[in-house]
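Contents: one structure, followed by commentary.
None of the values given here were measured: they were computed from a predicted structure. Along the sequence shown, the residues carry numbers beginning at 1.
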Amino acid sequence: MDYVSALLPPVVMAAFFIGLVVTIVKSQGGPNKAKEDAAVDAALSRAESARQQGGSTAP
């Protein structure tokens, strides 16, 4: 019975990890991809303009 208690945590973690990967893969693309990409592009452009306005010369 010790082998069951020794194997249970890795099996549970493996199942959770597989579920996480499947969820991430399924959420990629789809109808919201353009909206998500636009939100990321807007955030990056705001950060870039803030960096340029701050007069920072560091890359």
Side-chain angles (χ1 to χ4, degrees):
M1 214 53 194
D2 288 337
Y3 62 89
V4 173
S5 62
L7 290 176
L8 187 60
V11 169
V12 170
M13 286 189 295
F16 176 75
F17 182 72
I18 289 170
L20 179 67
V21 169
V22 167
T23 302
I24 289 172
V25 168
K26 283 185 176 182
S27 69
Q28 298 300 308
N32 291 329
K33 182 170 178 25
K35 185 169 51 172
E36 292 169 357
D37 288 347
V40 169
D41 289 341
L44 288 175
S45 65
R46 280 194 306 264
E48 180 66 24
S49 66
R51 187 178 70 84
Q52 287 177 353
Q53 288 177 356
S56 175
T57 58

- Item | Distance-minimising heavy-atom pair for Ala6 and Pro9 | O-CD, 3.9 Å
- About how many Å separate CD1 of Ile18 and OG1 of Thr23, when rounded to the nearest 0.5 Å? 11.5 Å
- side-chain contact (heavy atoms from CB on, under 4.5 Å) against Val21, all qualifying residues, sequence neighbours excluded: Phe17, Val25
